[in-house]
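Single-structure report; data block below.
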Amino acid sequence: MHHLSEQELIRRENLQKLREAGFEPFPSEGVDVNATAREIREKFADGDSTYQDVTLAGRLMSKRIMGKASFGELQDSTGRIQIYVSRDEICPDEDKTLYNEAFKKWFDLGDFIAVRGFAFYTQMGECTVHVREIKLVSKSLRPLPVVKKDDEGNVYDAFTDPEQRYRQRYVDLVVNDHVRDVFVKRTRMYSSMREYLNAKGYLEVETPILQPLYGGAAARPFTTHHNTLDMKLYLRIANELYLKRLIVGGFDGVYEFSKDFRNEGMSRFHNPEFTQIELYVAYRDYNWMMSLVEEMVEKVAIDLHGTTRVQVGENVIDFKRPWKRYTMYEAIQHFTGIDISEMDEDELRNTARTLHVHVDGTMGKGKLIDEIFGETCEGNLVQPTFITDYPVEMSPLAKKHAGKPGLVERFEAICNKKEICNAFSELNDPIDQRQRFEAQLELGKRGDEEAMVLDEDFLRALEYGMPPTAGLGIGMDRLAMIMTNQPSIQDVLFFPQMKPEKDPSQVKETGE
RNA sequence: GAUCUGAUAGCUCAGUCGGUAGAGCAAUACACUUUUAAUGUAUGGGCCCUGGGUUCAAGUCCCAGUCAGAUCACCA
């Protein structure tokens, strides 16, 4: 038990007093809620006969006591509504304990209450529930931060400390109403994409998170151990190779919202666990997939905001189709004026140095191009833009370009200076795929901790034959950041990863 | 991993040259039957993140650490 503050002690005393007076602070029966705060505020018109017998439940968030009458605010999942409580109405008989003691003294801010009454407008024009019955349905033993707003919408004493907000998201959600909106939008984003993909007939599937071999991306994995099988397992870094096995198995289109895990650095854009949607569609290529991405993300923007235009920080991002398309070479030429398409490795390295791009001796041609692009182009791309045709060295799972040697049929969409998706015509030539894996093994031997491992079962699947396939991955967290205008990945994850708080057992015990 | 910034009451924050710990909201008590950042009066509430050091004296200065945020590096 932690040290109890003065306010916590008072709440425990109030709980005891309620019990002694016969008001059970944690009753077991339910509440027949038949209205919400938002519904009443939006639909109740003064003088009409609606909402004349409503039951609401939620937290008591403020109390303004004026003798025999009081105002308060009840907050349910839809928002707040004012309640009016008068002594002689909730206590029609001689015994005024419910009002004088329980409501005025023992009900604390944050307690869950249920009220039954009727809607009306006060003289001040505030939509209010006139309470005839009030009941405590669950006691709150800790004081919530009290955030107040005035008529002009100015917020006072906002609960803003990021550490507390992330560690105690439940408190953040109770007192910061905009936080709820972010997560509701995030979920709506998922529904919007599901709707879109299901309408096309693609199958939502689930594939293993615990994998004996990790693959499908270049990243360091988390490892774990299965006791009964006595084997090492990895938490997936991607589900690509499993979804492609399903295309081998005969599905035309499969997708999965995949929680992936990467044991790497953390930042505003990186959480150790994050979510991607991956989608694979048979008999399609990357050009076709580009159109799908445009259409789907445009739909997401409209479903969330009613428009293709989304405010993100200082910028308004317009997801209206079609998006700009550059090949990687064109993008570099556009932003630097230099045509690198015919350059060999030495020329690329010199160009990189001229552009003040950091290079080292281990970088091959593909890596050099990627570095030049990342340094000179990405930061300029605010509006959604497709970058196509990547160097083969960087893309061991993508099909070689039909007409451009050294490149693969791959694209990324860049938006707000960050990659939001990655897609390619999937490599389905098992012999080529084996060679690409072997090249990765070489990188691994040279110490590249992120090199891919050779997946013999995946190759076996390809050898049975995989139709030409277009594949896509979209970072759901990154997209959610854009769609909800949040600066940090932690703001779109309910429970972002944090170091543990101070060991509670070392906190000195006192009190009771 | 590097640099910078921060940690003081339940919340948001002040705290001067190193000299008894402050405000607003919240809490407690009283008043008040249409208030709304309700109001008025009074009252209580602190391991100043942790551990060392300097000093007659440390919330304040110095060193080390913990946690967090930002920037950079790393990284799909």
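A, B, ... follow the sequence lines: proteins, then strands. Residue 1 opens every chain.
- In this structure, A:Y84 contributes its side chain and A:A69 its backbone to no donor-acceptor pair below 3.5 Å.
- A distance of about 23 Å separates the P atoms of B:U55 and B:C49, rounded to the whole Å.
- If you take atom P in B:C63 and the same atom in B:C72, they sit 27 Å apart, rounded to whole Å.
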At under 4.0 Å between heavy atoms, how does the protein contact nucleotides 2-10 of chain B? Give one character per nucleotide, 5' to 3', with B, S or -. --------B

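- When the options A:L397, A:V408, A:D285 are evaluated for a side chain to side chain contact (heavy atoms under 4.5 Å, CB included) with A:F424, the one that passes is A:L397.
- Listed nucleotides: B:C75, B:U34, B:A70. Nearest to the side chain of A:E264: B:C75.
- Annotation: B:G22 and B:C47 have their P atoms spaced 16 Å apart (nearest Å).
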Between A:I369 and A:M328, does a side chain to side chain contact (heavy atoms under 4.5 Å, CB included) hold up when you go through it step by step? CA-CA 9 Å; A:I369 295 170; A:M328 194 171 241; 3.7 Å; yes

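- In this structure a side-chain-to-backbone donor-acceptor pair under 3.5 Å is present from A:Q75 to A:V174.
- Per the geometry, CG belonging to A:D260 stands 19 Å off P belonging to B:C75, to the nearest Å.
- Looking at heavy-atom distances under 4.0 Å, A:F71 makes contact with a base.
- In B:C17 the O4'-C1'-N dihedral to the base is within 90° of 0, which defines a syn nucleotide.
- Partners of A:Y234 under the ring pair (Phe, Tyr, Trp, His ring centres under 6.0 Å) rule, at least two apart in sequence or in another chain, are A:Y214.
- The cationic atom of A:R410 (NZ for Lys, CZ for Arg) lies less than 6.0 Å from the six-membered ring centre of A:Y390 and within 45° of the ring axis.
- Rounded to whole angstrom, the span from the CD atom of A:E8 across to the P atom of B:G46 amounts to 13 Å.
- B:A27 and B:G69 have their P atoms separated by 31 Å, with the value rounded to a whole Å.
- Applying the salt bridge (Lys or Arg N to Asp or Glu O under 4.0 Å) test to residues at least two apart or on different chains, the pairs with a partner in residues 470-486 of chain A are A:R186-A:D477.
- Nucleic acid contact for A:A158: sugar-phosphate only, since backbone atoms but no base atoms lie under 4.0 Å from a heavy atom of the residue.
- With a cut-off of 3.5 Å on both pairing distances, the Watson-Crick and G-U wobble pairs of RNA chain B assemble into stems of 3 or more at B:1-7 with B:66-72, B:10-13 with B:22-25, B:27-31 with B:39-43, B:49-53 with B:61-65.
- Side chain A:Y84 to base B:U35: no donor-acceptor pair is found below 3.5 Å.
- Remark: the separation of the C1' atoms in B:G53 and B:G1 is 29 Å, to the nearest Å.
- Relative orientation of the A:F437 and A:F458 rings is perpendicular, given thresholds of 30° and 60° on the angle between their planes.
- Side-chain atoms of A:Q311 come within 3.5 Å of backbone N or O of A:G313 as a donor-acceptor pair.
- Counting only distance, with no hydrogens or angles, the side chain of A:K63 and the backbone of A:E73 share no donor-acceptor pair below 3.5 Å.
- Taking the six-membered ring for Trp and thresholds of 30 and 60 degrees, A:F261 and A:F222 have ring planes more than 60 degrees apart, a perpendicular arrangement.
- Aromatic ring orientation, A:W323 versus A:F386: parallel (interplanar angle below 30°, classes split at 30° and 60°).
- Take the nearest nucleotide of RNA chain B for A:G72 and for A:Y390: the residue whose nucleotide is more 5' is A:G72.
- Atom CZ of A:R87 is separated from atom C1' of B:A31 by 14 Å (rounded to the nearest Å).
- Side-chain contact of A:Y99 with A:S86: a donor-acceptor pair under 3.5 Å is absent, judged by distance alone.
- When each of A:A218 and A:Q82 is assigned the nucleotide of RNA chain B with its nearest heavy atom, A:Q82 is the one assigned upstream, toward the 5' end.
- Using a 4.0 Å heavy-atom cutoff across all strands shown, A:F269 reaches no nucleic acid atom at all.
- Closest approach of A:I489 and A:F269 over heavy atoms only: CD1-O, 3.7 Å.
- Between A:D76 and A:R38 there is no salt bridge, since no side-chain N of the basic residue sits under 4.0 Å from a carboxylate O of the acidic one.
- Regarding A:N14, its CG atom lies at a distance of 7 Å from the P atom of B:U28, rounded to whole Å.
- Summarising the geometry, the separation between CD on A:Q497 and P on B:C67 is reported as 13 Å, rounded to the nearest angstrom.
- A:E126 comes within 4.0 angstrom of a base, heavy atoms only.
- Here B:C75 presents its P atom at 18 Å from CE of A:M266, a figure rounded to the nearest Å.
- A:K499 comes within 4.0 angstrom of sugar-phosphate atoms only, judged by non-hydrogen atoms across all strands, and of no base.
- Listed candidates were B:A70, B:U33, B:C74. Nearest to the side chain of A:K68 is B:U33.
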Tabulate protein N/O versus nucleotide N/O from nucleotides 37-39 of chain B, keeping only pairs under 3.5 Å, one per line.
{"residue": "B:A37", "atom": "OP2", "partner": "A:D151", "partner atom": "OD1", "Å": "3.3"}
{"residue": "B:A37", "atom": "O4'", "partner": "A:K149", "partner atom": "O", "Å": "3.3"}
{"residue": "B:A37", "atom": "N6", "partner": "A:Y156", "partner atom": "OH", "Å": "3.3"}
{"residue": "B:A38", "atom": "OP1", "partner": "A:K148", "partner atom": "NZ", "Å": "2.6"}
{"residue": "B:A38", "atom": "OP2", "partner": "A:R64", "partner atom": "NH1", "Å": "3.2"}
{"residue": "B:A38", "atom": "N6", "partner": "A:I65", "partner atom": "O", "Å": "2.6"}

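- The P atoms of B:U60 and B:G52 are separated by 14 Å, rounded to the nearest whole Å.
- Residue A:E89 is classed as having no contact, given no heavy-atom separation below 4.0 Å to the nucleic acid.
- A sub-4.0 Å separation between OP1 or OP2 of B:A68 and a side-chain N or O of A:R167 is present.
- Atom P of B:C67 sits at a distance of 30 Å from the matching atom of B:A21, rounded to the whole Å.
- Atom CD of A:E13 and atom P of B:G45 are 14 Å apart (whole Å).
- A salt bridge links A:E442 with A:K445: the closest approach of a Lys/Arg side-chain nitrogen to an acidic carboxylate oxygen falls below 4.0 angstrom.
- Using atom C1' as the reference point in both B:A37 and B:A29, the two lie 23 Å apart (nearest Å).
- A donor-acceptor pair is defined here as one N or O able to donate and one able to accept, closer than 3.5 Å; such a pair exists between the side chain of A:T128 and the backbone of A:E126.
- Applying a 4.0 Å cut-off to non-hydrogen atoms, the residues of residues 118-125 of chain A that approach RNA chain B are A:F120, A:T122, A:Q123, A:M124, listed by residue number.
- Across all strands, A:R220 comes closer than 4.0 Å to no nucleic acid atom at all (heavy-atom distances).
- As rounded to whole Å, 8 Å separates atom P of B:A29 from atom CD1 of A:I10.
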